[in-house]
Novice: 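My questions all concern the structure below.
Computed over heavy atoms, backbone and side chain alike; hydrogens, waters and symmetry mates excluded.
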Amino acid sequence: MEKDNLKFKKKFFIAFAFYLLFSASSSAAAQSQALITWQAQSFAPAEYTGKRLPSPGTNINLGLEVIREKKLRDLSKINIRWYLDGKLLTQGIGLKETSFLANKGATHSHFVRAVIMAEPEISGNIDIPIVNPKIIIKTPSPADTFIALGKTLLQAVPYFFNIANPEELIFKWSVNNQALEGTNLLELEIAPPIPLNQNLNVKVMAQNLKNDLEFGSKEINLNVQ
């Protein structure tokens, strides 16, 4: 009977020791937070203050930091593994930054996960949405579909193309389904004679000079007052 009690006590203390070790590890992991940041190298106009989104083929830069007790943790001697959509992307000691090319179509997303091989192990993940390149037609009065009788300047503003500047795009304009020749321009001037109360359907398409499959289009309806 006494031997059984000793065995029971021994098992209890071993189990309790494992419990304390597991609790300490879980507590340490809970106190650490892995933060993944990303930046898409797609184009957006200078006045755009939002986050640039990647379109298919965009290079995406990734960054990683671990915060513990409100301080950045030194990761320079810790192995870091990066996963893209469940597959190992790269790994290395102190590898806090890496990059990849978006290879999914618009409306899909890439799932990125970083694992810090520390004791205890820490991980973080993030979804990165993929979008189509797009064009905005900028009018003199953005909230108005009416234009005054006279010269009106319309501007095509590209977003999220894989370009360095708009000069790498071909622009094609049309008004009321009639293509305008020689209008490979960011801006289109609509000038008289245009009858009053004339409805105008204006379209613009932009295509990447280096990639026939990368394009965006936009159309708006205007009324001459």
Novice: To the nearest 0.5 Å, what is the distance between CG on L89 and OG on S99?
Specialist: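 Separation between the atoms: 8.0 Å.
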Novice: Kindly give the heavy-atom pair with the smallest separation between S55 and I130, and that separation in Å.
Specialist: C-CG2, 3.9 Å
Novice: Is it possible for you to say whether V175 and L222 belong to one hydrophobic cluster, with membership spreading through side-chain heavy-atom contacts below 4.5 Å?
Specialist: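 Linked within one cluster.
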Novice: Is any side-chain heavy atom of Q31 closer than 4.5 Å to one of E69?
Specialist: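 They are in contact (side-chain heavy atoms under 4.5 Å apart), so the answer is yes.
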Novice: Got a donor-acceptor contact below 3.5 angstrom from the R52 side chain to the S42 backbone?
Specialist: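 At least one qualifying donor-acceptor pair exists.
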Novice: Answer with yes or no whether the hydrophobic clustering places I80 together with L88; edges join I, L, V, M, F, W, Y residues whose side-chain heavy atoms lie under 4.5 Å apart.
Specialist: no
Novice: Is the shortest side-chain heavy-atom distance between Y159 and V131 below 4.5 Å?
Specialist: no
Novice: Please report the shortest heavy-atom distance between V204 and A156, naming the atom on each side.
Specialist: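 Taking every non-hydrogen atom into account, CG2-CB, 4.2 Å.
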Novice: Working to the nearest 0.5 Å, report the span between NZ of K210 and CD1 of I163.
Specialist: 10.0 Å
Novice: Could you see if L186 belongs to whatever hydrophobic cluster contains M205? Use Ile, Leu, Val, Met, Phe, Trp, Tyr and a side-chain cutoff under 4.5 Å.
Specialist: no
Novice: Under a 3.5 Å distance rule, please check whether K104 uses its side chain to pair with a backbone N or O of S109 as donor and acceptor.
Specialist: yes
Novice: Side-chain contact test, heavy atoms from C-beta onward, threshold under 4.5 Å: evaluate it for F43 versus P166 and give yes or no.
Specialist: yes
Novice: Look at atom NZ of K51 and say whether more than 12 heavy atoms of other residues, nucleotides or ligands are closer to it than 6.0 Å.
Specialist: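 It does: K51 NZ has more than 12 such atoms within range.
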Novice: At what distance, to the nearest 0.5 angstrom, does NZ of K203 lie from CD1 of I137?
Specialist: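 So the gap between those two atoms works out to 10.5 Å.
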Novice: With distance as the sole test, does N162 use its side chain to make a donor-acceptor pair with the main-chain N or O of P56 at under 3.5 Å?
Specialist: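 Yes; judged by distance alone, with no hydrogens or angles, the pair exists.
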Novice: Under 3.5 Å, is there a donor-acceptor pair linking the side chains of N201 and N176?
Specialist: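 No, because no side-chain N or O of N201 sits under 3.5 Å from a partner of the opposite role on N176.
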Novice: Supply the atom-to-atom distance Q33 CD to E65 CD, rounded to the nearest 0.5 angstrom.
Specialist: 12.0 Å
Novice: Hey, any chance F215 and F160 share a hydrophobic cluster, counting ILVMFWY side chains that come within less than 4.5 Å of each other, even indirectly?
Specialist: no
Novice: What are the two closest heavy atoms between F171 and L185, and how far apart are they?
Specialist: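 F171 and L185 have their closest heavy atoms at CB-O, 3.4 Å.
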Novice: Which value, rounded to the nearest 0.5 Å, describes the distance between F161 atom CZ and T58 atom OG1?
Specialist: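 That separation rounds to 11.0 Å.
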Novice: To the nearest 0.5 Å, tell me how far I128 CD1 sits from I60 CD1.
Specialist: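 Reported to 0.5 Å precision, the distance equals 5.0 Å.
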Novice: Can any side-chain N or O of W38 pair as donor or acceptor with the backbone N or O of I126 at less than 3.5 Å?
Specialist: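 Judged by distance alone, no pair lies under 3.5 Å.
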Novice: Return yes when atom CD of E189 has more than 12 non-hydrogen atoms of other residues, nucleotides or ligands closer than 6.0 Å, and no otherwise.
Specialist: yes
Novice: Nearest heavy-atom pair of A102 and H110: which atoms, and what distance?
Specialist: CA-NE2, 3.6 Å
Novice: For the backbone of L169 and the side chain of N208, can you confirm whether one donor and one acceptor N or O come within less than 3.5 Å of each other?
Specialist: no
Novice: I need the minimum non-hydrogen distance between I36 and G124, along with the two atoms involved.
Specialist: CD1-O, 3.3 Å
Novice: Is there a path of hydrophobic side-chain contacts, each under 4.5 Å between heavy atoms, that joins L95 and Y83?
Specialist: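 No, L95 does not connect to Y83 through the hydrophobic network.
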Novice: When you check the side-chain N and O atoms of N61 and E97, is any donor under 3.5 Å from an acceptor?
Specialist: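 The criterion, which ignores hydrogens and geometry beyond distance, is not satisfied for E97 and N61.
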Novice: Just wondering, do I122 and R73 contact through their side chains at under 4.5 Å, heavy atoms?
Specialist: yes
Novice: For a 4.5 angstrom cut-off between non-hydrogen side-chain atoms, does V66 reach I78?
Specialist: no
Novice: Looking only at non-hydrogen atoms, find the nearest pair between V112 and L84 and report the distance.
Specialist: CG2-CD1, 4.0 Å
